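All of these numbers come straight from a predicted model, not from anything done at the bench. What's counted below: heavy atoms across the whole structure, side chains too, no hydrogens, waters or symmetry copies.
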Amino acid sequence: MSPEWPSSGLDVAGLVAGGWRPVPFSEVVLKIHGRCNLACDYCYVYESTDQSWRTRPRAMAPDVIAKTAARLGEHVRAHALSEVTVVLHGGEPLLAGRAALAAAADRFRSALPASCDLEVTMQTNGVLLSDAMLSMLDDNDVGVAVSIDGAEEGHDRHRRRADGRGSHADVIRGLNRLAGAHRRLYRGLLCTVDLDNDPIRTYEALLETRPPRIDFLLPHGTWSAPPPRRPVDGDATPYADWLIAIFDRWYHAPRKETGVRLFEEILNLLLGAQSRSENIGLSPVAMIVVDTDGTMQQVDTLKTSYAGAPETGLTVFGNGFDDALLHPGVVARQIGVAALSQTCRTCGVRDICGGGAYAHRYREGDGYLNPSVYCPDLMALISHIGRTVQHDLALATTAPDR
């Protein structure tokens, strides 16, 4: 395949010569285990066009973990970073086992200077969250976020075992343990939007364990391989309609004990703050992925674009993290408006949307210099939230003094 933007067309040398400097990495996603105990039909690792997992080690070896930790230590010292995050990821990270996970957390903490705070978290499907596993995670101060798609029927439609059995009951058992005796570790839930699920029923099911935060993700897709029921032509907004129903319920609740990340980030941007999410806004993305074999990668959701899309050609054994900072794909995630298509640059919600998730901009032949395949949905959702906030601000400014 011929080079596409940003591999072709993004002048990194020119940016540097003009004074631009990359933002150092503050988050490392560690693919500590490369296999999974579920067979979710929408998984971007195993079900996408990139099948590189088949040729990579099942689990990350201790020397890869040690070298990655050393590289992060170098990076922290070189840039005087005061805080970084390591996310234990997969596949399913809990398949690595208690001993390996504890050793990894210890290795990273030992590699960093005392001047830098390290947060270690993991993203898990929750099936293996036993009492023994949670006790180990508690002992090693590892935060836990769990993937769950709401109520049993909706969850088990996609998040099944290889033999077809649903996983919801096992996930709920693990979640109840996490939300009970180990609640201090509970970081939140990740839910992939499914238009076949009722949005309010899904949201209410997610609230049952009182998660600190819910992160709704749009199903991964591109212009070349569109998401389910997302028309590439026309102005229909099925995903916005689904999310707006939840937003209205969440926003008007008397007490919001659970945050919804997508809504909070849009509100932050509307009110003049910066985004802390890679999926919305124009803030620089400062994250690097290390796979089980030690290869450095861009965000791994790019696997939905084409085979090899996340690769940088770098490894922790031959390269420092600084080497990855000037990779065109990494640079494109840090230069804000300059990485947007002409359509996005002239859009009225440009600075709020930020072009949407980078992976969703891909079109075969010209790469990532496109609007999101979810463009109409993003416009509708942001506009609805904006109108809601403007209405409340107008009421506040016209209300009589008491």
Between D156 and H168: side-chain donor-acceptor atoms closer than 3.5 Å:
no
Side-chain donor-acceptor pair present, D50, S52, cut-off under 3.5 Å
yes
Please name all residues satisfying side chain to side chain donor-acceptor pair (under 3.5 Å) with E74, sequence neighbours left out, ordered by chain then number.
R71
Could you give me the CA-CA distance, side-chain angles and deciding distance for R107 and K67, then say whether side-chain contact (heavy atoms from CB on, under 4.5 Å) is met?
CA-CA 10 Å; R107 174 66 73 172; K67 193 62 178 180; over 6 Å; no
Would you say R210 has more than 12 foreign heavy atoms packed within less than 6.0 Å of its CZ?
no
Kindly compute the distance separating CZ (F25) from NE2 (H75), expressed to the nearest 0.5 Å.
6.0 Å
Residues at least two apart in sequence or cross-chain that pass salt bridge (charged side-chain N to carboxylate O under 4.0 Å, His left out) with D106, listed by chain then number, are none
After noting the C-alpha distance and the side-chain angles of E265 and R213, does the key distance pass the salt bridge (Lys or Arg N to Asp or Glu O under 4.0 Å) rule?
CA-CA 12 Å; E265 295 300 346; R213 175 165 286 115; over 6 Å; no
Checking the side chain of D323 only, and the main-chain atoms of N319 only, is there a donor and an acceptor separated by less than 3.5 Å?
no
Between SG on residue C191 and CG on residue D215, distance to nearest 0.5 Å:
9.5 Å
Kindly determine whether V144 and T121 satisfy side-chain contact (heavy atoms from CB on, under 4.5 Å), including the steps that lead there.
CA-CA 6 Å; V144 181; T121 66; over 6 Å; no
Keeping to residues at least two apart or across chains, list the side chain to side chain donor-acceptor pair (under 3.5 Å) pairs with something in residues 89-105.
K31-H89, E92-T124, E92-N125
Could you check Q298 against M287 for side-chain contact (heavy atoms from CB on, under 4.5 Å), going step by step and ending with a plain yes or no?
CA-CA 8 Å; Q298 306 165 61; M287 180 264 287; over 6 Å; no
Stepwise side-chain contact (heavy atoms from CB on, under 4.5 Å) test for E152 and H155:
CA-CA 5 Å; E152 182 175 4; H155 176 94; 5.8 Å; no
Residues two or more places apart in sequence or in another chain: which of them pass salt bridge (charged side-chain N to carboxylate O under 4.0 Å, His left out) with R21?
none
Note: R249-E204 ion pair, threshold 4.0 Å (strictly below):
yes
N/O donor-acceptor pair under 3.5 Å between D149 side chain and G154 backbone
no
Run the ring pair (Phe, Tyr, Trp, His ring centres under 6.0 Å) test against W242 and tell me which residues pass, sequence neighbours left out.
F216
First locate atom OG of S341, then atom CG of N370, and finally report the distance between them rounded to the nearest 0.5 Å.
6.5 Å
Donor on one side chain, acceptor on other, S147 and Q123, under 3.5 Å:
yes
With distance as the sole criterion, is a donor-acceptor pair present between the side chains of D241 and T237 under 3.5 Å?
yes
Are the side chain of S8 and the backbone of W5 linked by a donor-acceptor contact shorter than 3.5 Å?
no
For the pair R345 (side chain) and A338 (backbone), establish whether a donor and an acceptor sit closer than 3.5 Å, ignoring hydrogens and angles.
yes
With sequence neighbours left out, write down each residue that passes ring pair (Phe, Tyr, Trp, His ring centres under 6.0 Å) with Y368, or none if nothing qualifies.
Y358, Y362
What residues form a side chain to side chain donor-acceptor pair (under 3.5 Å) with N176, not counting sequence neighbours?
none
Residue set satisfying salt bridge (charged side-chain N to carboxylate O under 4.0 Å, His left out) with D163, at least two apart, ordered chain then number -> R165
Answer yes if the side chains of D194 and H158 hold a donor-acceptor pair under 3.5 Å, and no otherwise.
yes
Salt bridge D41-R160, side-chain N to carboxylate O under 4.0 Å
no
My understanding is that only residues two or more places apart in sequence, or in another chain, count here; which of them pass ring pair (Phe, Tyr, Trp, His ring centres under 6.0 Å) with Y251?
F247
Sorted by chain and residue number, the salt bridge (charged side-chain N to carboxylate O under 4.0 Å, His left out) partners of D196 (sequence neighbours excluded) come out as R229
Point-to-point distance, once rounded to the nearest 0.5 Å, from SG of C36 to CZ of R161
10.0 Å
Mind checking ring pair (Phe, Tyr, Trp, His ring centres under 6.0 Å) for W53 and listing every partner two or more places apart, or none if nothing turns up?
Y46
Can you tell me how far the CE atom of M60 sits from the CG atom of D293, to the nearest 0.5 Å?
8.0 Å
Considering residues at least two apart in sequence or located in another chain, which fulfil the side chain to side chain contact (heavy atoms under 4.5 Å, CB included) criterion with H220?
Y44, T301, T304, H360
